[in-house]
Amino acid sequence: MRPESNSPVSLWRHPLKKLITGNEAVAQGALRAGVKVVSGYPGTPSTGALTSLLVKPDPQRHVEWSTNEKVAIEIAAGAAWAGQRALCTMKMSGVNVAFDSLISVAYSGCEGALVIYVADDPGASAGMCEQDSRSYALMSDLPMFEPVSVADAYELTYQAFALSEAIKGPVFVRLVTAVANSYAEVELQPPDVIPDRDPILDHDIMRYTKAGSTVVMNQHHALIERLKLADLWLREHKVNDLQLANQTGGVGVIINGLIYAYLEEALGQLDEEQFSRDTLSILRLRASHPAPEMEIRQLLKHCSKVVVLEELEPHIERSVYVHAQQMKYQGEIIGKLDGTLSRVGEYGGAQVLRGLAAGLDITLPEKQTRLFDEVEALATDRPITTCAGCPHRGTYMAINRALKNLKLKKREVMVTGDIGCTILGMNPPFNTVWNEVSMGASVSLAQGFVHAGIKTPVIATIGDSTFFHGGMPGLLNAIQHRVNMTLIIMDNRWTAMTGMQVNPGTPLNYQMQNDHSLDLVELVQHMGIEQFAVVDPFDQPQTIEAIEDALQKDGVKVIVARQECAIQATRHQGIKGTMQVNAEKCTKCKVCLMITGCPALCFVDGVMSVDPAICYGCGLCATVCKFDALELEVQR
Ligand SMILES: Cc1ncc(C[n+]2csc(CCOP(=O)(O)OP(=O)(O)O)c2C)c(N)n1
Ligand code: SF4
Ligand code: SF4
C-alpha cells in the first residue's frame with residue numbers, strides 16, 4: 001500500500017522493535033496502513049486493539065468505543081463507503097450483533113478499506129460461547145486472515161487493508177485468545193501517512209440499497225466475484241504456503257492459524273523411526289477463507305492421506321471433502337468428521353499430535369495423551385467473584401433481603417441476569433441470578449417468564465453498558481406491552497468487566513474530548529415507566545425499600561442502582577475508608593462474611609478481621625452485623 005498524502009510526515013522513519021501483544025499488533029498493522037476511522041465495542045479478548053489506539057490520539061484519526069458492535073460496523077462502513085480506511089474491532093459475540101448490517105455491507109462492498117478484527121475464544125476462557133467466527137466469513141463471502149503469531153497479526157492486518165482496497169470489499173482478521181493476549185517482539189515499520197482523500201459522496205442506490213431483487217442479486221454476483229479476486233490476490237501474495245514432499249503417496253497436513261505453531265513441537269514428540277519427515281507435505285493457511293482450492297487439490301493429488309488440523313468447526317475439512325469428492329479421491333481424510341479430533345476446546349500440542357499420529361498410523365503411548373488431558377482438565381474450573389467494595393454486592397444483598405421481607409423464597413422468584421460484573425450475583429453467597437444469555441437479554445427473557453404465567457415477581461438485572469448496548473429495546477418492548485416486571489439497572493458508570501471502557505453514561509470528565517455524557521436516569525425516567533427510583537446500593541435500607549415497593553406493584557418498574565465501580569472510584573478518589581473489627585463486640589458469628597462474601601473479610605484462627613489492603617470502606621458488611629462490631633474509619 002502506498003501513501004497518497006501531503007499530510008504531515010511522520011518522524012518515525014526506521015523500523016522499530018517493540019514488545020507488543022497480538023491486539024496491539026492489529027492496532028499497529030492498522031496504523032501502518034494509515035487507518036482513518038476506528039470503531040469498536042469492548043469484549044475479551046479483542047479489547048486491547050482499540051484501547052491501544054486511544055493512548056495517543058491523533059487529530060487526523062477518529063477512534064471511538066461505540067454503543068454496540070452493530071453501531072460500530074455501520075460507522076466503519078460509512079467511512080469506508082466514503083473512501084477512507086476503516087477498522088472495526090469486536091469479540092466473537094459482537095459479530096452476532098453486527099452481522100445484520102455486515103452482511104448487507106458485504107453485498108455493497110466498499111470504496112476505501114474496511115477491516116473487521118474479530119477475536120475468537122476457543123476454550124472459552126472469557127466465558128462466552130466457543131463461537132467460530134469463520135462461519136461468518138463463509139456466510140458473508142468475505143475473506144478472512146488468520147494470523148499464526150503476534151508478528152503475523154501485525155503483517156496480516158496491514159495486508160488486510162491492501163486486500164480490502166484491491167477487491168473493494170470488507171476483510172476479516174481473526175485472532176484467537178492465545179495470539180491476541182501473547183506478547184512478542186515485533187519489528188514495526190514506519191506507518192503510512194493517512195491518505196489525504198476527499199470523502200466520496202456516491203449516490204449509487206444500485207450499490208448501496210437493497211431495493212428490489214435485481215439490485216440484490218447483482219450485488220450478490222459482485223460479492224462472489226470479489227471473493228474470487230481475493231483468492232487470486234492471496235495466491236499472488238503467497239499468503240498461504242504449500243510444501244509438497246518429494247515423494248507422492250505420503251501424508252498431507254492442512255493446518256491453519258495459531259496451531260501451526262504447535263506443529264514442530266508435535267512432530268518432535270513422534271518417534272523418528274516410525275515415520276520420515278520427507279514424506280510429509282504441509283499446507284499452511286494464514287487465510288482460511290476463501291479456502292485455497294488449487295492448493296488443496298494439489299495436496300490431495302500428492303498424498304494418500306490428508307490430516308486437517310483446525311480448532312472448533314471443521315470448515316476447512318468440509319471443503320477438503322468437497323474437492324476430494326469431485327476428484328474421486330481414494331485416500332483417507334482425517335480430522336473431526338471421522339471422530340479423530342474434537343470440535344470442542346482450544347487446540348494445543350496434544351490435538352496436533354493426535355491428528356498427526358492418526359495420519360501416520362502411529363500409536364501414541366497412553367502416558368503421552370493422558371498428560372495432555374490432565375492439563376486440559378486443570379484449565380476448566382475457575383471460581384469468579386466480585387471485588388471488595390463492589391456496588392453490585394449491595395444490589396444483590398438488597399434483592400435477597402427484599403425477597404425475605406416479602407416472605408418470598410429465593411427459589412420461587414426469577415431473577416434474570418446479564419453480561420458483565422453484574423452476572424456475579426449468580427455465585428455464592430448471593431445465588432440470586434438464574435441465567436445469562438447475551439448483552440441485554442435479561443430484560444426480554446424476563447418478559448418471556450412473565451408471559452409463561454409465573455405468579456411471583458419477575459426481576460431483570462443488567463449493567464449500564466449492557467443496557468445501552470442491547471437492553472433498551474427490551475425495555476421499550478416491556479413498556480409497550482405493559483409487562484409486570486422490575487428492571488434493576490446496576491449503573492456503575494463504566495464498562496467494568498472488560499477493563500473500564502467508557503460508555504454513553506460515563507461522566508463527562510472521562511469521555512473523549514468533545515464527546516458528551518448521557519444521563520441514564522434522565523433517559524429512562526421519561527420512557528413512560530409506572531414506577532421509577534434511583535438508589536445507592538451502599539444505602540441498604542433505601543435500596544431494599546425501593547425493591548420491596550417495586551415488587552408489590554403492577555407494570556414496568558425500573559430501579560437504577562447507582563454507585564461507581566469500586567476500582568475506578570479508588571483510582572479517582574481513593575478508598576472511602578477502612579473497616580475495623582471491634583474484637584470486644586465481635587461474636588464470631590461470621591454473618592458479615594456469609595452475607596457479603598466480601599474478599600476483604602477474613603476469618604482465620606477463630607478471629608474475624610478485615611484486610612486493610614483491599615477493603616474499600618463501602619460499609620456493606622457493617623449493615624448486617626447485629627452487634628455493631630464493624631466500625632468504619634472514614635478516609636475521604
Ligand atoms: C456482544 C457482546 N459484546 C461484548 C461483550 C463483552 N462484554 C462482556 S461484559 C461487558 C461489559 C458489561 O458492562 P456493564 O453492563 O456496564 O457491566 P459491568 O461489568 O460494568 O458491571 C462486555 C462489553 C459480550 N459479552 N458480548
Ligand atoms: S470491577 Fe468494579 S463492577 Fe466489577 S466486580 Fe470489581 S468493583 Fe464490581
Ligand atoms: S467495608 Fe466491609 S464489605 Fe466493604 S469492602 Fe470493606 S470489608 Fe468489604
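Numbering of residues begins at 1 and proceeds along the displayed sequence.
Side-chain atoms of Glu130 come within 3.5 Å of backbone atoms of Gly123 as a donor-acceptor pair (strictly under, hydrogens ignored). A donor-acceptor contact shorter than 3.5 Å links the side chain of Tyr347 to the backbone of Ser342. Under the 3.5 Å distance criterion, the side-chain polar atoms of Arg226 are matched with a main-chain donor or acceptor of Tyr107. Using modelled atom types, one side-chain atom of Lys336 and one backbone atom of Glu310 make a donor-acceptor pair closer than 3.5 Å. Judged by distance alone, the side chain of Asp338 and the main-chain N or O of Gly335 form a donor-acceptor pair under 3.5 Å. Distance alone, capped at 3.5 Å, is enough to place a donor-acceptor pair between the Ser281 side chain and the Ala245 backbone. Of the possible polar contacts, none joining the Ser164 side chain to the Val171 backbone as a donor-acceptor pair under 3.5 Å is found. Side-chain atoms of His323 do not come within 3.5 Å of backbone N or O of Glu293 as any donor-acceptor pair. Under a 3.5 Å cut-off, the side chain of Asp418 and the backbone N or O of Ser442 do form a donor-acceptor pair. Formation of a donor-acceptor pair under 3.5 Å by the Tyr329 side chain with backbone atoms of Lys305 is found in this model.
By the neighbour-count criterion of 12 heavy atoms within 6.0 Å, atom CG of Leu232 is densely surrounded, having more than that number from other residues, nucleotides or ligands. No more than 12 heavy atoms of other residues, nucleotides or ligands shown are found within 6.0 angstrom of CD on Gln325. The 12-atom threshold is not exceeded at NE2 of His221, counting heavy atoms of other residues, nucleotides or ligands nearer than 6.0 Å.
Side-chain contact of Ser465 with Tyr41: a donor-acceptor pair under 3.5 Å is present, judged by distance alone. Side-chain atoms of Lys301 and Thr248 include no donor-acceptor pair closer than 3.5 Å. Glu69 and His469 share a donor-acceptor pair across their side chains, judged by distance under 3.5 Å alone.
In this structure the side chain of Pro314 never reaches within 4.5 angstrom of the side chain of Val308, judged on heavy atoms. Taking the side chain as every heavy atom from C-beta outward, Val63 and Leu50 approach each other to under 4.5 Å. By the 4.5 Å heavy-atom criterion applied to side chains, Leu285 and Ile316 are counted as neighbours. Between Lys17 and Glu187, some side-chain heavy-atom pair lies under the 4.5 Å cut-off. At least one side-chain heavy atom of Ser319 sits less than 4.5 Å from a side-chain heavy atom of Ile296. Residues Leu270 and Leu364 form a side-chain contact, since some pair of their non-hydrogen atoms from C-beta on lies under 4.5 Å apart. Side-chain contact between Val150 and Tyr183 is absent, with no heavy atoms from C-beta onward closer than 4.5 Å. Residues Val173 and Pro147 have side chains in contact (heavy-atom distance under 4.5 Å, counting atoms from C-beta outward).
Pairs engaging residues 65-86 under the ring-ring contact (aromatic ring centres under 6.0 Å, His included) rule: Trp81-Tyr208 [sequence neighbours left out].
Salt bridge status for Lys18 with Glu185: absent, with no side-chain N to carboxylate O gap under 4.0 Å. Ion pairing between Arg235 and Glu295 holds under the 4.0 Å rule for side-chain N and carboxylate O. A salt bridge links Arg174 and Asp132; the closest N-O separation between the charged side-chain nitrogens and carboxylate oxygens is under 4.0 Å. Using a cut-off of 4.0 Å between Lys/Arg side-chain N and Asp/Glu carboxylate O, Glu155 and Arg32 are scored as salt-bridged.
Applying the ring pair (Phe, Tyr, Trp, His ring centres under 6.0 Å) test to Tyr136 and every residue at least two apart in sequence or in another chain returns Phe99.
Annotation for Trp233 and Ala162: closest pair CZ2-CB, 3.9 Å, computed over non-hydrogen atoms. The two atoms that bring Val35 and Leu87 nearest to each other are CG2-N, 3.7 Å, heavy atoms only. The two residues Lys91 and Ser46 have their closest heavy-atom pair at N-OG, 3.2 Å. Taking each heavy atom of Thr416 and Val433 in turn, the nearest pair found is C-CG1, 4.1 Å. Closest non-hydrogen pair, Pro42 versus Gln501, comes out as CB-OE1, 3.4 Å. Across all non-hydrogen atoms, the minimal contact from His289 to Leu234 is O-CD1, 4.4 Å.
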Check step by step if side chain to side chain contact (heavy atoms under 4.5 Å, CB included) holds for Thr44 and Asp121. CA-CA 8 Å; Thr44 312; Asp121 188 26; over 6 Å; no
Report the C-alpha separation of Ile255 and Tyr262 in whole Å, then their side-chain angles, then the decisive distance to 0.1 Å, and conclude whether the side chain to side chain contact (heavy atoms under 4.5 Å, CB included) test is met. CA-CA 10 Å; Ile255 189 160; Tyr262 299 111; over 6 Å; no
List the steps, then state whether side chain to side chain contact (heavy atoms under 4.5 Å, CB included) holds for Ile116 with Leu102. CA-CA 10 Å; Ile116 305 136; Leu102 181 52; 3.5 Å; yes
Tell me, with the steps shown, if Leu299 and Leu244 meet side chain to side chain contact (heavy atoms under 4.5 Å, CB included). CA-CA 7 Å; Leu299 191 78; Leu244 290 177; 4.0 Å; yes
Which donor-acceptor pairs under 3.5 Å do the side chains of residues 24-31 make with protein atoms, sequence neighbours left out?
{"unit_1": "Glu24", "atom_1": "OE1", "unit_2": "Thr21", "atom_2": "N", "d": "2.9"}

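From Arg134, atom CZ reaches atom CD of Gln131 across 12.0 Å, with rounding to the nearest 0.5 Å. Once rounded to the nearest 0.5 Å, the distance linking CG of Leu229 with NZ of Lys168 reads 11.5 Å. The structure places CD of Gln219 at 4.0 Å from NZ of Lys210, a figure rounded to the nearest 0.5 Å. One distance of note links OG of Ser108 with CG of Asp202; it measures 10.5 Å at 0.5 Å rounding. The distance from atom CD1 of Ile334 to atom CG of Leu356, rounded to the nearest 0.5 Å, is 10.0 Å. Rounded to the nearest 0.5 angstrom, Cys110 SG and Gln84 CD are separated by 12.0 Å.
When the options Ile103, Ile167, Asp141 are evaluated for a side-chain contact (heavy atoms from CB on, under 4.5 Å) with Leu223, the one that passes is Asp141. Partner of Arg286 under the side-chain hydrogen bond (donor to acceptor under 3.5 Å, both in side chains) criterion, out of Asn240, Asn256, Asp152: Asp152 alone.
No cation-pi contact links Arg85 to Phe161, judged by a cut-off of 6.0 Å to the six-membered ring centre and 45° from its axis.
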